[in-house]
Amino acid sequence: MINTSSSFVPVDRELSAWIRLAFESAYPEAGSVLARISTVPTMSPEFGDYQCNDAMNLARALKIKPRVIAERLIAVAGPHPGVARMEIAGPGFVNVFLEDSWISDRLAAMAGAGGLGLPSDGAGKTVIVDYSSPNVAKPMHIGHIRSTVIGNSLYRIHSALGYRTVSDNHIGDWGTQFGIIIMGYRHFLDQKALETSPIEELERVYVKSYEKSREDADWLNECRRELVKLQSGDEQNVALWKDFVALSLREFEGIYRRLGVSFDIVRGESYYRDKLAGVVRQLEEKELARESEGAMVVFMEEDKLPPCIVRKSDGGYNYASSDLATVASRVDEFGPDRIIYVTDERQQLHFRQIFAISRKLGCSVSLEHVWFGLMRLPEGTFSTREGNVIKLERLLDEAESRALAIVTASSPDMPEERRREVARVVGIGAIKYADLSQNPQTTVTFTWEKALALDGNSGPYLQYAYARIASVRDKFAERFPGIDPDGFPIVFTQQIERTLALKLLKFPEAVTRAAQACKPSTVADYLYDLAQSYSTFYQNVPFLKAEDGVRESRVRLCGITAKVLKSGLDLLGIETQERI
RNA sequence: GCGCCCGUGGCUCAAUUGGAUAGAGCACCUGACUUCGGAUCAGGAUGUUGCAGGUUCGAGUCCUGCCGGGCGCGCCA
């Protein structure tokens with residue numbers, strides 16, 4: 001068999017291509033619908049391993065009975081080395097039963113292929129992922145975790161599929177809040193507090209100044225004046241602002257380090273401030289924007305969107321103009337094929353407007369808004385002013401200390417340094433997994449219990465499965481020194497081995513589907529399903545005491561499972577350890 | 001009022017985008033061998049997929065109307 005790494009094609013694609021060919025020769029008149037023909041995994045082994053449902057879909061267009069189409073299809077299909085037999089069932093399902101030897105052969109090829117057989121769908125393409133984007137002078141809280149973790153995973157997934165990826169942390173460093181902060185800083189600052197916990201202190205003076213601005217019109221005017229001074233380059237205010245930004249970035253950096261997140265570029269809104277006037281001028285020249293009540297506004301009736309203000313009546317620029325400038329700048333500099341924004345749901349309308357206006361300005365890049373539901377507390381929404389914000393730092397601390405308690409209980413002999421390291425990996429993994437394993441587009445009610453789950457469908461469950469495999473590998477090496485299981489064929493003596501092998505082969509499917517839908521949860525679901533199959537295998541089938549050949553085959557399956565788990569968790573930004 | 005989204009066992013969530021008998025976890029109950037890690041495994045119970053219509057071979061998924069909830073809708077980001 002020729003199984004060089006470059007020749008590996010994901011199983012679903014290979015079978016889809018093969019069955020599509022059969023359809024094309026059987027019904028060339030079907031035309032464009034042929035392109036969409038595919039095979040999908042079955043829900044139950046009684047229906048085979050993969051199934052094709054397109055005989056029924058074509059039946060309407062061709063005005064032929066679906067079972068007739070299915071029969072013709074099977075008659076016309078050329079032999080495929082992987083297909084043992086096909087059956088027609090129900091209204092016209094075509095069920096495909098795979099050959100055991102082909103499954104093990106493909107699995108060996110996948111394990112040997114670079115990137116575990118992930119297709120290079122993104123080769124030659126560039127995607128920018130804009131995520132996390134916290135605001136200066138405010139601490140990161142649990143509301144920031146979703147953008148950070150989901151965005152980082154999308155970045156990793158697209159990189160793994162061959163995209164040139166650029167991650168950008170679009171920091172909120174240029175808004176109207178700075179007038180308020182500067183006034184708060186000048187009048188309410190506690191120097192000592194600033195030294196011990198700078199961001200907390202900046203936030204405190206911000207809140208105080210904000211409250212005052214709501215009841216004191218003079219104060220509000222002062223704030224506005226300070227903002228104008230900052231934006232027109234006043235030396236003192238610019239120096240203050242730079243301090244705020246530097247302090248915040250340092251604090252963010254600490255969180256990112258703990259989360260294993262890094263960015264290719266970190267450009268706040270301020271980076272684009274010189275381009276704002278140009279964008280608005282362009283909109284005016286193209287007659288896309290016009291003055292209304294003193295402001296410059298893009299009216300978008302034909303897009304069925306409400307008007308979008310791109311310059312305020314006081315002449316200042318806002319979020320809309322800033323994001324428009326950002327798009328243009330990114331297009332110029334990176335020439336991306338796609339730009340993905342990961343933010344919460346409240347910005348849906350804003351981005352629809354930005355995307356529509358960008359298109360009017362001639363931008364043809366695929367602009368995508370990946371939004372997620374807000375994080376809430378059981379008692380309702382949280383806000384700085386309510387004082388019920390849970391800081392991200394505290395969440396991470398809590399996760400690690402809970403994990404440490406469990407590690408200490410289960411592995412009392414482990415040196416403390418190791419225990420702390422394991423607790424870090426497990427605790428952070430639990431938090432990330434909790435957010436990544438579910439559909440982002442739902443409102444999440446935060447509970448400690450859920451965020452820090454360590455059993456069942458959780459990050460640690462996957463990490464635990466991985467660690468047990470590492471243990472198997474070590475025991476095998478100890479008792480059978482010098483034997484390389486990879487030199488033995490993979491054989492199926494029990495159903496669970498075949499099931500596990502088939503699941504392993506679906507890794508590329510899960511990853512490509514996750515990229516298509518921009519949903520890391522697809523990968524998380526897949527990994528959990530895989531780990532469950534592995535646990536069943538592990539618990540019910542002996543490895544080391546199995547007979548020669550079977551033993552090596554099983555250990556080899558373990559090894560491949562470990563590879564897939566590790567790679568998959570890596571796509572989620574979750575670390576693994578050989579011992580936990 | 002208009003727009004976007006959500007509603008699935010007691011709780012938290014899946015369901016490969018219209019496919020076959022709606023799957024997991026938590027919690028609850030029962031069990032796991034002189035074998036590799038019990039953060040595990042095997043088994044049990046739990047459902048009119050918010051309600052009512054419609055589309056078709058086939059609907060949790062699509063269309064219409066209600067009910068309930070979240071978010072947004074010209075000078076915040």
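All chains are named by letter (A, B, ...) in the order of the sequence lines, taking the proteins before the strands, and each is independently numbered beginning at 1. Just so you know, these numbers come straight off a predicted model, no measurement behind them. Hydrogens, waters and symmetry mates are skipped; everything else that's a heavy atom, side chains included, is used.
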Chemist: Tell me yes or no: between the side chains of A/Y433 and A/N457, is some donor less than 3.5 Å from an acceptor?
Modeler: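 Per modelled atom types, A/Y433 and A/N457 side chains form a pair under 3.5 Å.
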
Chemist: Tell me whether A/R290 forms a cation-pi arrangement with A/F299, defined as NZ or CZ under 6.0 Å from the six-membered ring centre and within 45 degrees of its axis.
Modeler: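 Positive - A/R290 is close enough to the ring of A/F299 and near enough to its axis.
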
Chemist: So, do A/Y461 and B/A39 meet the stacking rule of ring centres under 5.5 Å and planes under 30°?
Modeler: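 No, aromatic ring not over the base.
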
Chemist: Rounded off to whole Å, could you give me the CG-to-C1' distance for the A/D525 and B/C13 pair?
Modeler: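 Those two atoms, CG and C1', are 9 Å apart.
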
Chemist: For the side chain of A/Q539 and the base of B/U40, is some donor closer than 3.5 Å to an acceptor across the two?
Modeler: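 Looking at the base of B/U40, it does pair with a donor or acceptor on the side chain of A/Q539 (distance under 3.5 Å).
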
Chemist: With a 3.5 Å cut-off and heavy atoms only, can you find an N or O donor on one side and an acceptor on the other between the side chain of A/S313 and the base of B/C75?
Modeler: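 Pair found.
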
Chemist: Which nucleotide in the list B/A77, B/G72, B/U35 gets nearest to the side chain of A/P542?
Modeler: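 Selected nucleotide (nearest to the side chain): B/U35.
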
Chemist: Give the rounded distance in Å between these two atoms: CD1 of A/I469 and P of B/C41.
Modeler: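 In whole Å, B/C41 P and A/I469 CD1 are 13 Å from each other.
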
Chemist: Determine the interatomic distance between C1' on B/A59 and the same-named atom on B/G19; round to the nearest Å.
Modeler: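 These two C1' atoms come out 10 Å apart once rounded.
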
Chemist: Taking the minimum atom-to-atom distance to the side chain of A/K450, which one of B/G37, B/C4, B/C13 wins?
Modeler: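 Among the listed nucleotides, the one closest to the side chain of A/K450 is B/C13.
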
Chemist: Taking donor-acceptor contacts at under 3.5 Å, does the side chain of A/Q177 reach the base of B/A77?
Modeler: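 Side chain to base: no pair present.
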
Chemist: Could you measure between the two C1' atoms, the one in B/G47 and the one in B/C11, and give it in whole Å?
Modeler: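 Result for the C1' pair: 15 Å, nearest Å.
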
Chemist: Tell me whether A/F93 and B/G19 count as stacked here, given that the ring centres must be under 5.5 Å apart and the planes must differ by less than 30 degrees.
Modeler: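 No, A/F93 does not stack on the base of B/G19.
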
Chemist: Provide the closest heavy-atom pair for A/V389 versus A/H141 in the form atom of the first, atom of the second, distance.
Modeler: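 Heavy atoms only, the tightest pair is CG1-CB, 3.2 Å.
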
Chemist: Over 60° means perpendicular and under 30° means parallel, so tell me whether A/Y526 and A/F507 are parallel, tilted or perpendicular.
Modeler: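 Correct class here is tilted.
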
Chemist: Taking the P atom of each, how far is B/C51 from B/C67, in whole Å?
Modeler: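 Those two atoms are separated by 15 Å.
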
Chemist: Contact class for A/L305 (heavy atom, under 4.0 Å): base, sugar-phosphate, or nothing?
Modeler: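 The residue A/L305 makes no contact with any strand.
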
Chemist: Can you tell me if the side-chain N/O atoms of A/Y319 get under 4.0 Å from OP1 or OP2 in B/A77?
Modeler: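 Answer is no, no contact under 4.0 Å.
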
Chemist: What distance, rounded to whole Å, do you find between the two P atoms, one in B/A20 and one in B/U49?
Modeler: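 After rounding to an integer number of Å, I get 15 Å for this pair.
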
Chemist: Looking at every non-hydrogen atom in both residues, tell me the closest pair between A/C223 and A/I180 and how far apart they are.
Modeler: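 That closest heavy-atom pairing would be SG-CA, 3.8 Å.
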
Chemist: A/P307 has a side chain; which of B/A39, B/C57, B/G74 sits nearest to it?
Modeler: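 My answer, after comparing the listed nucleotides, is B/G74.
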
Chemist: For RNA chain B, whose closest nucleotide is more 5', that of A/R468 or that of A/E293?
Modeler: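 It is A/R468 whose nearest nucleotide is closer to the 5' end.
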
Chemist: Nearest nucleotide by nearest heavy atom, which residue falls closer to the 5' end of RNA chain B, A/T445 or A/G456?
Modeler: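 Nearer the 5' end of the strand: A/T445.
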
Chemist: Which of these nucleotides, B/C36, B/A39, B/U40, is closest to any side-chain atom of A/S535?
Modeler: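 When the side chain of A/S535 is considered, B/U40 is the closest of B/C36, B/A39, B/U40.
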
Chemist: In whole angstrom, give me the gap between the P atoms of B/G7 and B/C13.
Modeler: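 B/G7 and B/C13 have their P atoms separated by 10 Å.
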
Chemist: Look at all strands and tell whether A/G175 reaches a base, only sugar-phosphate, or nothing, counting heavy atoms closer than 4.0 Å.
Modeler: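 Answer is sugar-phosphate: A/G175 comes under 4.0 Å of backbone atoms only.
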
Chemist: For the side chain of A/Y538, starting at C-beta, report the closest nucleotide among B/G38, B/C71, B/A77.
Modeler: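 Selected nucleotide: B/G38.
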
Chemist: Given the C1' atoms of B/C41 and B/G25, what is the spacing between them in whole Å?
Modeler: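 These two C1' atoms come out 15 Å apart once rounded.
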
Chemist: Could you state the CZ-C1' distance from A/R224 to B/C75, rounded to the nearest angstrom?
Modeler: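 Value for this atom pair: 10 Å.
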
Chemist: Taking the C1' atom in each of B/C66 and B/G31, what is the distance between them to the nearest angstrom?
Modeler: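 Per the computed distance, 49 Å lies between those C1' atoms.
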
Chemist: Taking B/U16 as the reference, what is the distance to B/C71 when you measure between their C1' atoms (whole Å, please)?
Modeler: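 After rounding to an integer number of Å, I get 29 Å for this pair.
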
Chemist: Ignoring the backbone of A/I309, work out which of B/G19, B/C75, B/C41 is nearest its side chain.
Modeler: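 Taking heavy atoms from C-beta onward, the closest nucleotide is B/C75.
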
Chemist: How should the glycosidic conformation of B/U12 be described, syn or anti, under the criterion that syn lies within 90° of 0?
Modeler: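 B/U12: anti.
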
Chemist: Picking from B/C73, B/A20, B/C76, which would you name as closest to the side chain of A/N95?
Modeler: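 Between B/C73, B/A20, B/C76, the one nearest the side chain of A/N95 would be B/A20.
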
Chemist: When the distance from CG of A/D455 to C1' of B/C13 is rounded to whole Å, what number comes out?
Modeler: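 To the nearest whole Å, that distance equals 15 Å.
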
Chemist: Check A/R513 with A/D12, please: is the shortest side-chain N to carboxylate O separation under 4.0 Å?
Modeler: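 No, A/D12 and A/R513 are not salt-bridged.
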
Chemist: What's the closest nucleotide to the side chain of A/M56 if the choices are B/C57, B/U40, B/C76?
Modeler: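 Given the options B/C57, B/U40, B/C76, the side chain of A/M56 is closest to B/C57.
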
Chemist: Would you indicate which nucleotide in B/A20, B/G72, B/A39 comes nearest to any side-chain atom of A/F47?
Modeler: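 Selected nucleotide (nearest to the side chain): B/A20.
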
Chemist: Is it the case that over 12 heavy atoms from other parts of the model lie below 6.0 angstrom from the NZ atom of A/K65?
Modeler: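 Count not over threshold, so no.
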
